[in-house]
Enquirer: 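I have a structure here, written as structure tokens, and I will follow up with some questions on it.
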Amino acid sequence: MGTRLTIRPPSDFVLRRDVCSYGYFLLAPNFWDPDRQSLTRIFDLDVGAAAVTLTQAPVKRGGPIAARADRALSRAEQGELRRQVGRMLRLDEDPAAFHRVDPRWKRSGRGRLFRSPTFFEDVVKTVTSCNVTWPGTMRMNRRLCEMINPAFPSPEQLARKRPAWLRSRCGVGYRDVRLVELGRLFASGEVEAAWFEDPDRSDEEVDTALRALPGVGPYASANIMQLLGRCSRIAMDTEAVRHGREALGMTGSTRAVERALQAHYEPFGEHKFRSYWFEMWTRYEEGRGPAWTWEPETTGATLTLPDKA
DNA sequence: GGTAGACCTGGACGC
DNA sequence: GCGTCCAGGTCTACC
């Protein structure tokens with residue numbers, strides 16, 4: 001008999017909207033079921049792994065989230081699960097400040113961006129999204145879970161792998177050495193999540209430290225920063241440039257469009273990334289329907305491939 | 001500080 | 001079925 005928990009979210013929270021708000025909800029071990037409107041994934045807890053399904057019924061703002069685990073969880077594990085779910089769903093964030101700066105999203109209530117239960121998983125997911133098309137990112141994350149840990153590889157597990165093994169089994173290509181090194185840095189304590197999650201650090205400090213990590217450049221750093229709740233920068237990739245050209249009518253070289261994007265989103269200050277992201281996400285949904293209706297392996301695999309939508 | 005080229009993988013395409 | 005080209009961000013060497 002598994003454990004059932006009730007999680008009380010903020011009064012504005014909507015599970016399907018706030019889970020299906022960023023591409024990581026399509027990456028293993030996360031599984032969004034568009035028919036059941038539920039999120040299932042395996043969590044690493046104190047005693048071991050547990051598959052947990054999250055639902056919110058009826059779908060209304062602030063309704064309780066039901067968490068159903070496939071096994072009995074101890075008190076300590078229940079607390080750990082609440083903490084990890086809280087991070088994924090950003091239950092401690094209040095989008096009101098964002099809506100004051102960019103009122104376009106007040107009506108829909110958009111503001112939260114889905115993320116991983118741990119900082120390490122967010123870093124690895126970001127590195128697997130660099131220099132590869134979205135289906136490739138989906139494949140890498142699926143294989144990492146299939147070959148190493150169904151709840152997602154821990155730093156220790158990645159640190160123990162040989163790069164060549166990682167490359168051949170998980171299809172990570174030249175990222176092999178970088179991923180093993182990331183695992184080693186986190187496992188050894190040389191890199192601590194708490195340091196990056198400290199709100200007293202400046203964006204510049206965090207950016208500099210992130211760029212010192214293997215596989216993390218300007219794009220990856222900006223993306224990890226938004227995953228940390230620091231949205232003052234645009235993660236500048238080809239999708240951003242495409243958005244600038246196609247949605248905002250920007251012209252000129254890539255560099256020129258990047259500069260124009262920076263200037264365009266400057267008025268949104270600390271919320272630049274959210275303003276940019278929800279514009280782009282809305283365009284994705286215009287072609288594919290609401291994200292909570294996407295089948296992960298079909299519609300969900302077409303992200304960044306707008307001509308295939 | 002700016003830039004060219006290498007790094008991998010898988011899909012598209014032509015033959 | 002095979003070869004070629006392309007997309008994607010980071011890293012290093014070089015100017």
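Just so you know, these numbers use all the heavy atoms, side chains as well, and skip hydrogens, waters and symmetry mates. Below, read A as the first sequence line, B as the second, and so on, with proteins coming before strands; counting in each chain starts at 1. Just so we're clear, the structure is a prediction, and the values are computed from it rather than from any experiment.
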Enquirer: Should the pair Arg274(A) and Phe278(A) be classed as cation-pi, given the thresholds of under 6.0 Å to the six-membered ring centre and 45° from the axis?
Expert: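 Ring-cation test returns no.
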Enquirer: Side chain of Tyr174(A): nearest nucleotide among dT10(C), dC8(B), dG8(C)?
Expert: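 Selected nucleotide (nearest to the side chain): dC8(B).
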Enquirer: Can you classify the ring geometry of Phe114(A) versus Phe25(A) as parallel (below 30°), tilted (30 to 60°) or perpendicular (above 60°)?
Expert: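 It falls in the perpendicular class, over 60°.
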Enquirer: Which part of the nucleic acid does Val172(A) contact within heavy-atom distance under 4.0 Å: base, sugar-phosphate only, or nothing?
Expert: nothing
Enquirer: Let me know the distance between CG of Asp176(A) and C1' of dA6(B), rounded to the nearest Å.
Expert: 14 Å
Enquirer: Send over the distance from Met236(A) CE to dT10(C) P, rounded to a whole Å.
Expert: 12 Å
Enquirer: Once you round it to whole Å, what is the distance between P of dC11(C) and CD of Glu181(A)?
Expert: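 Atom-to-atom, Glu181(A) to dC11(C), this comes out as 12 Å.
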Enquirer: Does one hydrophobic cluster hold both Tyr22(A) and Phe98(A), with members joined at side-chain heavy-atom distances below 4.5 Å?
Expert: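 Yes, one cluster joins them.
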Enquirer: When only distance counts, do a donor and an acceptor, one from the side chain of Tyr219(A) and one from the base of dG8(C), lie under 3.5 Å apart?
Expert: no
Enquirer: As a test of reading the structure: which of dG10(B), dG9(C), dT9(B) is closest to the side chain of Arg167(A), going by heavy atoms?
Expert: dT9(B)
Enquirer: At less than 4.0 Å, is any side-chain N or O atom of Thr133(A) found next to OP1 or OP2 of dG11(B)? Yes or no.
Expert: no
Enquirer: Measure the distance from CE on Met140(A) to C1' on dG8(C) and round it to the nearest whole Å.
Expert: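 Atom CE in Met140(A) sits about 10 Å away from atom C1' in dG8(C).
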Enquirer: Is the Phe273(A) ring parallel, tilted or perpendicular to the Trp277(A) ring (thresholds 30°, 60°)?
Expert: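 Phe273(A) vs Trp277(A) ring planes: parallel.
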Enquirer: Calculate the interatomic distance between Met138(A) atom CE and dG8(C) atom P; express it in whole Å.
Expert: 18 Å
Enquirer: To the side chain of Arg139(A), which of dG10(B), dG8(C), dT10(C) is closest?
Expert: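 For the Arg139(A) side chain, the nearest candidate turns out to be dG10(B).
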Enquirer: Please determine which of Asp207(A), Asn223(A), Asp203(A) meets the side-chain hydrogen bond (donor to acceptor under 3.5 Å, both in side chains) test together with Arg233(A).
Expert: Asp207(A)
Enquirer: Answer yes or no: does a side-chain N or O of Arg242(A) lie under 4.0 Å from OP1 or OP2 of dG8(C)?
Expert: yes
Enquirer: Whole Å only: how far is the CG atom of Asn131(A) from the P atom of dT12(C)?
Expert: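 After rounding, the reported distance stands at 15 Å.
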Enquirer: If only side-chain N and O atoms of Arg178(A) are considered, is one of them under 4.0 Å from the OP1 or OP2 phosphate oxygen of dC8(B)?
Expert: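 It does not, given that no N or O in the side chain of Arg178(A) lies less than 4.0 Å from OP1 or OP2 of dC8(B).
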Enquirer: If you look at every strand shown and take non-hydrogen atoms under 4.0 Å, does Gly136(A) touch a base, only sugar-phosphate, or nothing?
Expert: nothing
Enquirer: Using whole Å, report how far CG of Leu179(A) lies from C1' of dT10(C).
Expert: 13 Å
Enquirer: Take the protein atom CZ of Arg233(A) and the nucleotide atom C1' of dG9(C), then report the distance between them rounded to whole Å.
Expert: 18 Å
